[in-house]
Undergrad: 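My questions will all concern the structure given below.
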Amino acid sequence: MQVIVRKRVNVVSAVLDGIGKGLDPRFDITEIAKPYALELLRFREAGVEVVLKDFTKRWDRQSQAFYNLFRQADREQGDLKLRVRTLESERAFQRVATVQKTIGN
């Protein structure tokens, strides 16, 4: 099981490194991953109890944040509007605008 997880982590790291270097040649995945790797090493030395305690603490914090998100939405009245950018729809709108300009001229 651990071997499979390590292989997947390596594949994901390689993919992220390739994407990052494609966007910025100075990108270094090792500098980004270093604090997380050190934390994992610390957990390995500390034992399972510490890992479970930390996981429980983080889980409680996330579940409380999730609860607060919906509690806040229940208090407010009105419409909830989400703004989402999708590259595909933006490109479609640009093509429509270009066609309209061409037809209009």
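Note that the structure is predicted; figures quoted are calculated from it, not measured.
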Undergrad: Using the rule side chain to side chain contact (heavy atoms under 4.5 Å, CB included), only one of T102, I103, V96 pairs with V99; which is it?
TA: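 For V99, the side chain to side chain contact (heavy atoms under 4.5 Å, CB included) test succeeds with only one of T102, I103, V96, which is I103.
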
Undergrad: In terms of heavy-atom contacts, does NZ of K34 have more than 12 from other residues, nucleotides or ligands at under 6.0 Å?
TA: no

Undergrad: Do I19 and F27 sit in the same hydrophobic cluster, where Ile, Leu, Val, Met, Phe, Trp and Tyr count as joined when their side-chain heavy atoms come under 4.5 Å apart?
TA: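 No, I19 does not connect to F27 through the hydrophobic network.
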
Undergrad: Can you find a heavy atom in the side chain of Q64 that is under 4.5 Å from one in the side chain of D60?
TA: no

Undergrad: Measuring from atom CG of D28 to atom NZ of K21, what distance do you get when rounded to the nearest 0.5 angstrom?
TA: 5.5 Å

Undergrad: When you group the ILVMFWY residues by side-chain heavy-atom contacts below 4.5 Å and let the links chain together, are I32 and V12 in the same group?
TA: yes

Undergrad: I'd like to know if L23 and V15 are part of one continuous hydrophobic network [Ile/Leu/Val/Met/Phe/Trp/Tyr, side-chain heavy atoms within less than 4.5 Å].
TA: yes

